[in-house]
Amino acid sequence: MAKKKIVILGAGYGGLRTLRNLQKAKPDAEITIINKNDYHYEATWLHEVAAGTIEANDACFPIKDQVKGDTKFIQDAVVKVNKDDKTVELEQHGLISYDYLLFALGFESESFGTPGVEEYTLPIADIPSTKRIREHIETKFSEWKTTQNDELLTIIVGGAGFTGFEFLGELTNRIPHLVKQYDVPREKIRIICIEAAPSVLPMFTKDLANYAISRLEDRGVEFKIGHPIKEATPDSVIYADGEELKEIKTATFIWGAGVRGSSVVGASGFDERRGRVMVNANLTVPGNEEILIIGDCSAVMDPANNRPYPTTAQIAIQQADYAAANLVALINGQPLKDFVYKPKGTVCSLGDNDAMGLVGDKPLKGYRASVIKKVIDDRSILMLGGIGTMLKKGKFQFYK
């Protein structure tokens, strides 16, 4: 009798963690993992690559090193899932059949339909996009020397959420190095963060959010909170200040105002909203229980407020543990387990030695919080790549 086929789409936090668990469980099945790149990248480190405080390679490790035994890795981009035929269409390899499918393709930048955003902003979305941001900023600083155009030294960040704050923290850490490298006056540099909502970082207490704002303001960041961005142009940002529209001239507009699930979700005909599918309690898709969706493409209700949990690396890794167990259960004809999320707290980096957040329900600020953030980062590497990868790539740099 032919073995059942398990196909995993995506080698992010959810997909790679599921793969490791399946390889340990050794179900009687053929396992294939598909990813468009030959590397996994730590999505929670993208802001560091974008700011230039770490190299792109520091945030990545090869997928092949995690593929054990009879598991097969295919490097290719997913076009769509054909649910009725139980096949996945790939750009280069054509159709791949499955008996059970784990959909974990991750996020894409969300423009919310704001004019000019897709054409004229630089999103923090993946390794190539963050490398472009670093190169763009360095190029503009270099050009200032000959043009003396101060717009080249104006950097606008759209969105004061987690991504925006972490990028601003890293960028303000790097500014002194850029000033020295390109011989530009520090007083000419403007860093402006524009946020539509009336407050920032709603996942934290007001005290912690205010701490984050004050720390970045001390480093020269200007915040414009409660000012929706109306349009991006080739050389400016237009935002609302009450009933009035205002414009800031800039050569650099970083977009960190939102994400959505993979566009493959819609292309595959799933019932979705912004690329997210409301899954069953056991992470399977209603009407297609042979498909499980986790991570940025899944929506799981928080019973405390009857709203979907936010998409984070933490929840994706926890979902992966349940997904792997449920895939084994499907192979063996056993009952599936309902996913139960156990939040362990959240820490937001504000640069190398500064952070703030909640560990459990305990608030932390400053250097102690930054140490906890590094511990969280290293634990993620350990869970996805093993101890060897953590020792090479971890934030405490055990041997590099």
To the nearest 0.5 Å, tell me how far [X] [atom1] sits from [Y] [atom2].
X: Met390; Y: Leu382; atom1: CE; atom2: CG; result: 5.5 Å
X: Ile229; Y: Phe112; atom1: CD1; atom2: CZ; result: 10.5 Å
X: Leu216; Y: Ile213; atom1: CG; atom2: CD1; result: 8.5 Å
X: Tyr100; Y: Leu292; atom1: OH; atom2: CG; result: 10.5 Å
X: Ile248; Y: Thr154; atom1: CD1; atom2: OG1; result: 8.5 Å

Flag yes if more than 12 heavy atoms outside [X] fall under 6.0 Å of its [atom1] atom; otherwise flag no.
X: Ile387; atom1: CD1; answer: no
X: Arg379; atom1: CZ; answer: no
X: Tyr341; atom1: OH; answer: yes
X: Asp361; atom1: CG; answer: no
X: Lys80; atom1: NZ; answer: no
X: Glu118; atom1: CD; answer: no

Exercise for review: State, without any angle test, whether Ser142 and Thr139 hold a side-chain donor-acceptor pair at a distance under 3.5 Å.
Suggested key: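 Note: Ser142 and Thr139 side chains miss the donor-acceptor criterion.
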Review point. Side chains of Ser129 and Asp126: donor-acceptor distance under 3.5 Å anywhere?
Key: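 Yes, a side-chain donor-acceptor pair sits under 3.5 Å.
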Sidechain-backbone polar pair: [X] side chain, [Y] backbone, donor-acceptor under 3.5 Å:
X: Glu151; Y: Thr250; answer: no
X: Glu42; Y: Thr44; answer: no
X: Glu170; Y: Ala51; answer: no
X: Thr71; Y: Val67; answer: no
X: Ser262; Y: Gly106; answer: no
X: Thr205; Y: Leu208; answer: yes
X: Thr53; Y: Glu48; answer: yes
X: Asn35; Y: Asn37; answer: yes
X: Gln148; Y: Lys145; answer: yes
X: Asp296; Y: Gly261; answer: no

Check your understanding: Going through the checks in order, is the salt bridge (Lys or Arg N to Asp or Glu O under 4.0 Å) test met by Glu138 and Arg174?
Key -> CA-CA 11 Å; Glu138 291 174 352; Arg174 189 156 184 251; 2.7 Å; yes
Would [X] and [Y] pass as an ion pair if we require N to O under 4.0 Å?
X: Lys5; Y: Asp99; answer: no
X: Arg190; Y: Glu222; answer: yes
X: Asp235; Y: Lys249; answer: yes
X: Glu290; Y: Lys86; answer: no
X: Lys395; Y: Asp377; answer: yes
X: Lys374; Y: Asp352; answer: yes
X: Lys140; Y: Glu143; answer: yes
X: Asp76; Y: Lys36; answer: no

Would you say that [X] contacts [Y] through its side chain, given a criterion of any heavy-atom pair below 4.5 Å between the two side chains?
X: Ile74; Y: Ile96; value: yes
X: Ile293; Y: Val265; value: no
X: Ile189; Y: Ile191; value: yes
X: Cys60; Y: Ile127; value: yes
X: Glu30; Y: Lys4; value: no
X: Val347; Y: Leu358; value: no
X: Lys393; Y: Asn57; value: yes
X: Phe103; Y: Ile294; value: no

Practice item. Check the pair Thr284, Asn282 against side-chain hydrogen bond (donor to acceptor under 3.5 Å, both in side chains), reporting the backbone distance first and the verdict last. Key: CA-CA 6 Å; Thr284 61; Asn282 57 21; 2.6 Å; yes
Would [X] and [Y] show up in the same hydrophobic cluster when neighbours are defined by side-chain heavy atoms closer than 4.5 Å?
X: Val285; Y: Ile331; answer: yes
X: Ile6; Y: Leu16; answer: yes
X: Ile238; Y: Tyr120; answer: no

Exercise for review: Before giving the answer on salt bridge (Lys or Arg N to Asp or Glu O under 4.0 Å), spell out for Arg17 and Asp321 the whole-Å C-alpha distance, their side-chain angles and the decisive distance to 0.1 Å.
Suggested key: CA-CA 7 Å; Arg17 176 66 178 175; Asp321 292 341; 2.8 Å; yes
Exercise for review: Please test Thr252 against His136 for side-chain hydrogen bond (donor to acceptor under 3.5 Å, both in side chains), starting from the C-alpha separation and ending with a verdict.
Suggested key: CA-CA 8 Å; Thr252 305; His136 175 91; 3.0 Å; yes
Exercise for review: Kindly say whether the aromatic ring centers of Tyr13 and His40 come within a distance under 6.0 Å.
Suggested key: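 Aromatic pair counts; centres sit under 6.0 Å.
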Exercise for review: Would you check if the distance from the ring center of Phe223 to the ring center of Phe165 is below 6.0 Å?
Suggested key: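 Yes.
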Check your understanding: Can Lys230 and Glu247 be said to form a salt bridge (Lys or Arg N to Asp or Glu O under 4.0 Å), step by step?
Key -> CA-CA 10 Å; Lys230 295 299 184 179; Glu247 182 178 35; over 6 Å; no
Check your understanding: When you look at Lys131 and Glu55, which way does the salt bridge (Lys or Arg N to Asp or Glu O under 4.0 Å) test go after all the steps?
Key -> CA-CA 9 Å; Lys131 290 171 70 174; Glu55 300 297 327; over 6 Å; no
Check your understanding: Out of Asp150, Asp183, Asn149, which one pairs with Trp144 under the side chain to side chain donor-acceptor pair (under 3.5 Å) rule?
Key ->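 Per the side chain to side chain donor-acceptor pair (under 3.5 Å) rule, the option paired with Trp144 is Asp150, out of Asp150, Asp183, Asn149.
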Point to revise | Closest approach of Phe141 to Ile175 (non-hydrogen atoms, all atoms of both residues) | key: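 Looks like CZ-CD1, 4.2 Å.
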Review point. Closest heavy-atom contact between Gln23 and Gln66?
Key: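 Closest approach of Gln23 to Gln66: NE2-O, 3.0 Å.
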Practice item. Walk me through it: do Tyr211 and Asp354 pass the test side-chain hydrogen bond (donor to acceptor under 3.5 Å, both in side chains)? Key: CA-CA 11 Å; Tyr211 172 83; Asp354 199 2; 2.8 Å; yes
Practice item. For side-chain hydrogen bond (donor to acceptor under 3.5 Å, both in side chains), just list the numbers for Asn353 and Ser370, CA-CA rounded to whole Å, side-chain angles, deciding distance to a tenth of an Å, and then say yes or no. Key: CA-CA 5 Å; Asn353 293 310; Ser370 75; 4.6 Å; no
